[in-house]
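The structure appears below as structure tokens.
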Amino acid sequence: MEVLKIATAGSVDDGKSTLIGRILYDTKSLTTDKLEAIEKTSKKNGYDYLDFSLATDGLVAEREQGITIDVAHIYFSTKKKSYIIADTPGHVEYTRNMVTGASTSQAAIILIDARKGVIEQTNRHFFINNLLRIKDVVVAINKMDLVDFSEEKYNEIKADFEKLMEKREYQEQNITFIPVSALKGDNVVHASENTPWYCGTTLLEHLESLDRKDIYNVGTPRFPVQYVIRPKTDTHHDFRGFAGKVYGGELSVGDEVVALPSQTRSKIKEIFFYDKKCETASRRSSVTITLEDEINLSRGDMLVKANDLPAIEKRFTATISWMDSQALTAGKKYVLQHGVNKVLAKVATVDHKIAPDYSGVDTGVQELGMNDIAQVGFQLNRPIFFDKFKDHRTNGSFILIDTQTNSTVGAGFIN
Amino acid sequence: MTLELDRSMKDTSHINPLENEAIYIFREVAAQFERPVLLFSGGKDSITLVRLAQKAFWPAKIPFPLMHIDTGHNFPETIEFRDRLVDELGLELIVRNVQDSIDQGKVKEESGRYSSRNSLQTTTLLDAIEEFKFDACIGGARRDEEKARAKERIFSVRDDFGQWDEKNQRPELFDMLNGQIELGQNVRVFPISNWTELDVWSYIEAEKIEIPSIYFAHKRKIFLRDGLIWSHSDFVYQEEDEEVLERMVRFRTVGDMSCTAAVFSEASDIASVVQEIRDSTISERGARIDDKRSEAAMEKRKQQGYF
């Protein structure tokens, strides 16, 4: 079975929740009782249409204010795939939610209101999806019904967006434009008769056409050890298995591996998925590995192929997205969680703030506020084993944890 | 997903990504917490959790106990099943009873037409967490079940009072789970957050997981109220004019008898149950009487410390 996670981005009133509601409705994923609840509430609120946003706004505060506050996850499936949509709020102050939603997604939908065109918010949405190296982005130009399904308008917006694309760092990102009306259903699941000038696929057709090799970023195999399994039972008295998930590539029985940080060499003896032995651990599978030699290896350590070592450093710079109301300041210490490995990190330098709308950088800043994106230099108490984010989406990212509150306060992408 | 009959396979590329994710989450719990517990209700979701936990730690045993908060109004079939499962897998089971919380005067039994012990479980649960000093409670809640649950994290922090601060949740990025907490706080962990009802049923079918008989069509004494099918039982309040009928029904979701409604069904094996779920036009929680109380029923219960 294939699972595709999609992040959505759009400004308030761009019709994001409506679009998701439309997808659910047209794929017949809304059950009768949920539909009835939507009909009832829409009527109560005095609408003469079905307010699909009611299907996704789960908190009382959201329904009261008619806005999405927190990331919600919506599920539907077709015969081909299971889909998970991360519905991320579009407010300026919610950059952190967008980064969060995008971090677990392989595809993204950016919504643009056809009446308004590319606005400052669009820059931001594109910037974040590009920063997070989302492989496939759909630009859904919505509310086409309100501009008389004008081809001219669509081309104008597309041209504006293409200008924005010249500025992106991750040039290989696939970008697809689709004219839609979420409210009326044009080109969402069903092809529209109102856009005869558009020959592309509908939104759902496009998502259905994405396959695994298109959407997963490939790197080299990295195996962070999560947990050591030592049953000490009669049948498995000497069993010492290293449990973890394989990222970036695959590992096979017989592979020469190096354990980090000890840099001890060994060979993969067995690979288990549950009680079944396998030849190869495929990407993103949760397996248990045993080695030929008794070597020192515990949680937070990493197995890599012998000819393919990552960087092993105590200092690096990273682009970070700050997510806390308490400012990040130079000199402050945080817990840095890199995969399942935790170290202490000191903010050595705050190099510059990066405007998330492509308007440039701001040097000479000493602290970062909520939703700021910046380049920061770190110094660690011991080395971690990393790749650059652009080469390895998993092994090049980390989170920062406040030592006082234990909250997750930032996300980082190693340069 | 095809069933693997032999004990070996070439690679793991066919493994369901949701299963890989759940196993990863279980291992994070065992590594990051000192006293985890798996909240076990005897329902299909918690039975699925047990299988996933087995897979995560094989060949070692599941490194934490199971805990059942027993309302005393459970289906007897669920309790029998629970005891057998624990026995077969050699697991440790803790049971704490809502009746004890009532006897101690901590909660008051509800009365009347819609009375249920469902919401009373919260107090018993929070007391048990304190008693055993559990720092992580693993539950089978899924985001697709209900829209307040759709906002839930995989590692969801609860304060000293067991409360959920839904507007101030930790962001969860990539695969990284932050389980750092202060003394007194605990984390609710949801390994099958991203599974849908159909995913769970398909998994049960593919893995040939045994589940309590009430999930399959059987003859039962029932009565109808508000368009829902209620079990006729000593634990369920029933008006005199609510006629008792005998019908073929099954349960899609299993809580205690006072909050779980049945569906008419002839599906007597797992394949026909899966087919029925596929064709269904009613959501799973459409048969949860506890959710019908108001649109925000689940959010309110969660804020107070419910599962």
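In this structure, Gln185(B) places its CD atom where more than 12 heavy-atom neighbours from other residues, nucleotides or ligands lie under 6.0 Å away.
Taken from NE2 in His14(B) to CZ in Phe273(A), the straight-line distance is 7.5 Å, to the nearest 0.5 Å. Here the OG1 atom belonging to Thr104(A) is positioned 8.5 Å from the CD1 atom belonging to Ile154(B), to the nearest 0.5 angstrom. Annotation: the span from His73(A) atom NE2 to Arg149(B) atom CZ amounts to 15.5 Å, rounded to 0.5 Å. From Ser82(A), atom OG reaches atom CG of Asn16(B) across 8.0 Å, with rounding to the nearest 0.5 Å.
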Before giving the answer on side chain to side chain contact (heavy atoms under 4.5 Å, CB included), spell out for Phe76(A) and Thr196(B) the whole-Å C-alpha distance, their side-chain angles and the decisive distance to 0.1 Å. CA-CA 8 Å; Phe76(A) 73 98; Thr196(B) 62; over 6 Å; no
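The candidate from Lys232(A), Glu36(A), Lys245(A) with the greatest count of non-hydrogen atom pairs under 4.5 Å with chain B is Lys245(A). When each of Lys342(A), Lys28(A), Glu250(A) is checked for heavy-atom pairs under 4.5 Å with chain B, Lys342(A) comes out on top. The residue among Thr394(A), Val287(A), Thr280(A) with the most heavy atom pairs within less than 4.5 Å of chain B is Thr280(A). Between chain A and the residues Ala60(B), Ala31(B), Pro171(B), the largest count of heavy-atom pairs under 4.5 Å involves Pro171(B). Of the listed residues (Glu28(B), Gln54(B), Glu21(B), Glu172(B)), the greatest number of heavy-atom pairs within a distance under 4.5 Å of chain A belongs to Glu28(B).
Contact of Ala22(B) with chain A is not made at all, since no heavy-atom distance falls under 4.5 Å. Proximity to chain B is limited to the backbone of Gln404(A), based on heavy atoms less than 4.5 angstrom apart. Using a 4.5 Å cut-off between heavy atoms, Val228(A) makes no contact with chain B at all. If you measure heavy-atom distances from Ile84(A) to chain B, the contacts under 4.5 Å come from the side chain alone.
Contact annotation: the side chain of Glu19(B) never approaches that of Tyr274(A) to less than 4.5 Å [non-hydrogen atoms, C-beta and beyond]. At a threshold of 4.5 Å between non-hydrogen side-chain atoms, the residues Ser286(A) and Asn20(B) count as touching. Considering only heavy atoms from C-beta on, Trp58(B) stays 4.5 Å or farther from Thr288(A) through its side chain. For the pair Arg27(B) and Arg299(A), the minimum side-chain heavy-atom distance is 4.5 Å or more. The shortest distance between side-chain heavy atoms of Met176(B) and Ser397(A) falls below 4.5 Å. Lys5(A) places a side-chain heavy atom less than 4.5 Å from the side chain of Asn194(B). By the 4.5 Å heavy-atom criterion applied to side chains, Val340(A) and Tyr24(B) are counted as neighbours.
Although no hydrogens or angles enter the test, the distance criterion places a donor-acceptor pair under 3.5 Å between the side chain of Arg170(B) and the main chain of Asn406(A). With hydrogens and angles ignored, the 3.5 Å screen pairs a side-chain donor or acceptor of Gln337(A) with a backbone N or O of Leu177(B). Side-chain atoms of Ser282(A) come within 3.5 Å of backbone N or O of Ser13(B) as a donor-acceptor pair.
Taking the six-membered ring where the residue is Trp, Phe57(B) and Tyr227(A) present perpendicular rings, their angle passing 60° and hence far from 30°.
Across every non-hydrogen atom of Phe174(B) and Arg393(A), the tightest pair is CE2-O, 4.1 Å. Ser103(A) and Leu173(B) get closest at one heavy-atom pair: OG-CA, 3.3 Å. Thr12(B) approaches Ser285(A) most closely through the heavy-atom pair OG1-OG, 2.8 Å.
Checking Tyr247(A) against Asp175(B) by side-chain atom types alone, a donor-acceptor pair falls below 3.5 Å.
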